[in-house]
S.K.: 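A single structure is presented below for examination.
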Amino acid sequence: MKIYNTLTRRKDEFVPLEPGKVKMYVCGPTVYNLIHIGNARPMIVFDTVRRYFEYKGYEVNYVSNFTDVDDKIIKKAIEEGVDADTVSKRYIAECKKDMAAMNVKPATTHPLATEEICGMLEMIETLIEKGYAYRAEDGTVYYRVKKFKDYGKLSHKNLDDLQSGFREIKVTGEEGKEDPADFVLWKPKKEGEPYWESPWCQGRPGWHIECSVMSKKYLGDQIDIHAGGEDLIFPHHENEIAQSEAANGKPFANYWMHNAFLNIDNKKMSKSLGNFFTVREIGEKYDLQVLRFFMLSAHYRSPLNFSAELMEASKNGLERIRNCVSRLDDFLKTAKAGEMTGEEKDSLKEAKGLVEKFEAAMDDDFNTADAISAIFELVKLANSTAGESTAAYVTEIRDIIVKLCDVLGIITETKEEMLDADIEEMIARRQQARKDKNFALADQIRGELLEKGIILEDTREGVKWKRA
């Protein structure tokens, strides 16, 4: 398996730190609003990377954070007259609903920045002790960039040329920097903002320190893969490397993966241009499986253009696969028993060759576009051979298609359609009511679901549902 490594600028053979295991950290969203489709691309892409590793037999420890303290969150809280915690919790819940609708698996751990402050204080103290950080007069703590000799190795920028362009939030005490390139590790509080006690001042962490600390806590000093959008290469990921390697004394991540930007009708997504779409808005027009299929239709390192025409093409492509699986399910009801014929065995051999084509595409830096092409070839083969076939053959080729789609996170069976977020919430509330022995409430919720056309069945395997 080869991965394009932003650090080396080439495809490198993947060799895990520990055989059979993958330690992977993916930068998550800042939760101040509903996620937009630009946020969705890395979520879908790296969920697919994770799924493929698992398909290949790896045990994946997948960590993706939520930044729940930030200027944008504070601004939103002030506008609404609530505290920042209320805003972040609301949008974390909404983000998880959208992720579920896109069939993005929950991470092994979803750490929150506000719950890792102690670790941040410890790492900052270590950096100060080692001479990589210093305190300004007002209590701001900065990272001394020129002290870290390898600064710029990820973004391949020359430090001597870096006097501006840092995506760092301006803070009080900016004049306390020793060098314009230095970045904030800890910033003093402002009136009305959340803050924590520290040895330097009452304040809150800078953005970059959060991921270094959360990665260290949940994955260790050194990890296999660090991933995110290409906009994070500099300065965020560059600064993470500087912090982590200076504090821990060893290489941070062996492979750095970055997805390319998403454009809207060949233009950068922007609220001012009126082409800004949330995942929720797209979900009102399309099954979000269509959005996932669209995102995987291009290689993750290629810029992707979002348009109504391309979404319709993705919808048709997904329906083609689903229709095939549905037909195979119908064939199974009347398929002949007994062993496969010689022709069927030849067709199955061809199908297994297409599985190898799928795996070769995914092994080559997760080329999902070519992997989908292999699935379409399987669909064509199934449609042309399964009509009068044995149950053994139909079952085999159906299972192959479904399994490969599952690697991409594509749900092939319409009976597994995603529930609306409000219905999911109602089912969860009913389950909690049953646990609390509040059977009257549980029955009430069951009745409300029935009015919405959802029939629940309580079985030994758990709650099952179907549409009335």
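Please read these numbers as outputs of a predicted model, since none were measured by experiment. The figures that follow rest on heavy atoms only: side chains count, while hydrogens, waters and symmetry mates do not.
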S.K.: Any non-hydrogen side-chain atom of Met295 less than 4.5 Å from a side-chain atom of Val45?
M.R.: no
S.K.: Distance from Gln289 atom CD to Glu319 atom CD, nearest 0.5 Å?
M.R.: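 Atom-to-atom, Gln289:CD and Glu319:CD are 12.5 Å apart.
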S.K.: So how far is it from Ser373 OG to Leu378 CG, rounded to the nearest 0.5 Å?
M.R.: 11.5 Å
S.K.: Salt bridge check, Lys75 against Glu79: does any charged N sit closer than 4.0 Å to a carboxylate O?
M.R.: yes
S.K.: Identify which one of Tyr286, Phe294, Phe276, Phe261 satisfies the ring pair (Phe, Tyr, Trp, His ring centres under 6.0 Å) criterion when paired with Phe306.
M.R.: Phe294
S.K.: Do the side chains of Asp364 and Lys11 get close enough for a salt bridge, i.e. N-O under 4.0 angstrom?
M.R.: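 Salt bridge present between Asp364 and Lys11.
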S.K.: Is it true that Lys357 and Asp370 make a salt bridge, defined as a side-chain N closer than 4.0 Å to a carboxylate O?
M.R.: no
S.K.: Measure across Leu296 and Thr368 and return the closest heavy-atom pair with its distance rounded to 0.1 Å.
M.R.: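 Shortest heavy-atom separation between Leu296 and Thr368 comes out as O-OG1, 2.7 Å.
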S.K.: What's the spacing between Leu262 CG and His36 NE2 if we round to 0.5 Å?
M.R.: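 Atom-to-atom, Leu262:CG and His36:NE2 are 9.5 Å apart.
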S.K.: Do we get Lys21 above Tyr58's six-membered ring, with its NZ or CZ under 6.0 Å from the centre and within 45° of the axis?
M.R.: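 Ring-cation test returns no.
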S.K.: Is any NZ, NE, NH1 or NH2 atom of the basic residue among Lys23 and Glu18 found under 4.0 Å from an Asp or Glu carboxylate oxygen of the other?
M.R.: no
S.K.: Any salt bridge between Asp363 and Lys2, counting N to O under 4.0 Å?
M.R.: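 Judged by the 4.0 Å cut-off on N to carboxylate O distance, Asp363 and Lys2 do not form a salt bridge.
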S.K.: By the definition ring pair (Phe, Tyr, Trp, His ring centres under 6.0 Å), identify the one residue from Tyr142, Trp200, Tyr143 that meets it with Tyr134.
M.R.: Tyr142
S.K.: Let me confirm one number: the NE2-SG distance from His226 to Cys211, rounded to the nearest 0.5 Å.
M.R.: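 The SG atom of Cys211 is 5.5 Å from NE2 of His226, to the nearest 0.5 Å.
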S.K.: May I ask you to test the Lys97-Glu425 pair for a side-chain heavy-atom distance under 4.5 Å?
M.R.: yes
S.K.: Should the pair Glu54-Lys105 be classified as a salt bridge under the 4.0 Å nitrogen-to-oxygen rule?
M.R.: yes
S.K.: Ion pair present between Glu245 and Lys153, side-chain N to carboxylate O less than 4.0 angstrom?
M.R.: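 Answer for the salt bridge query: yes.
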S.K.: Under 30°, 30 to 60°, or over 60°: which ring-plane class applies to Tyr55 and Phe358, parallel, tilted or perpendicular?
M.R.: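 Ring orientation of Tyr55 relative to Phe358: perpendicular.
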S.K.: Using a strict threshold of under 4.0 Å (side-chain N to carboxylate O), is an ion pair present between Arg322 and Asp287?
M.R.: yes
S.K.: Sort out for me which residue in Phe14, Phe46, Tyr62 forms a ring pair (Phe, Tyr, Trp, His ring centres under 6.0 Å) with Phe53.
M.R.: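 Going through Phe14, Phe46, Tyr62 one by one, the ring pair (Phe, Tyr, Trp, His ring centres under 6.0 Å) with Phe53 is satisfied by Phe14 alone.
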S.K.: Any idea which heavy atoms bring Asp68 and Ile73 closest together, and the distance?
M.R.: C-CD1, 3.4 Å
S.K.: With a cut-off of under 6.0 Å to the ring centre and 45° to the axis, is Lys147 in cation-pi contact with Tyr132?
M.R.: yes
S.K.: Which heavy-atom pair separates Ile233 from Leu154 by the least distance, and what is that distance?
M.R.: O-CD2, 3.9 Å
S.K.: Can you tell me how far CD1 of Ile78 sits from CG of Asp83, rounded to the nearest 0.5 angstrom?
M.R.: 11.5 Å
S.K.: What class does the angle between the rings of Trp256 and His258 fall in, given that below 30° is parallel, 30 to 60° is tilted and above 60° is perpendicular?
M.R.: parallel
S.K.: Would you sort out whether Asp12 and Arg10 count as a salt bridge (Lys or Arg N to Asp or Glu O under 4.0 Å), showing the intermediate values?
M.R.: CA-CA 6 Å; Asp12 290 335; Arg10 64 171 184 256; 2.6 Å; yes
S.K.: Rounded to the nearest 0.5 Å, what separation is found between the CZ atom of Phe66 and the SG atom of Cys95?
M.R.: 4.5 Å
S.K.: Could you check whether Lys177 pairs with Asp179 (Lys NZ or Arg NE/NH1/NH2 to Asp/Glu carboxylate O, under 4.0 Å)?
M.R.: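 Salt bridge between Lys177 and Asp179, a charged N being under 4.0 Å from a carboxylate O: no.
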S.K.: Compute both the distance and the angle, then confirm whether Arg301 meets the cation-pi test with Tyr4: under 6.0 Å from the six-membered ring centre, within 45 degrees of the axis.
M.R.: yes
S.K.: Does Tyr195 have Arg204 sitting over its ring (NZ/CZ under 6.0 Å from centre, angle to axis within 45°)?
M.R.: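 Judged by the rule (NZ or CZ under 6.0 Å from the ring centre, within 45° of its axis), Arg204 is not positioned above Tyr195.
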S.K.: Using a strict cut-off of less than 4.0 Å between a Lys/Arg side-chain nitrogen and an Asp/Glu carboxylate oxygen, indicate whether Asp221 and Lys216 qualify as a salt bridge.
M.R.: yes
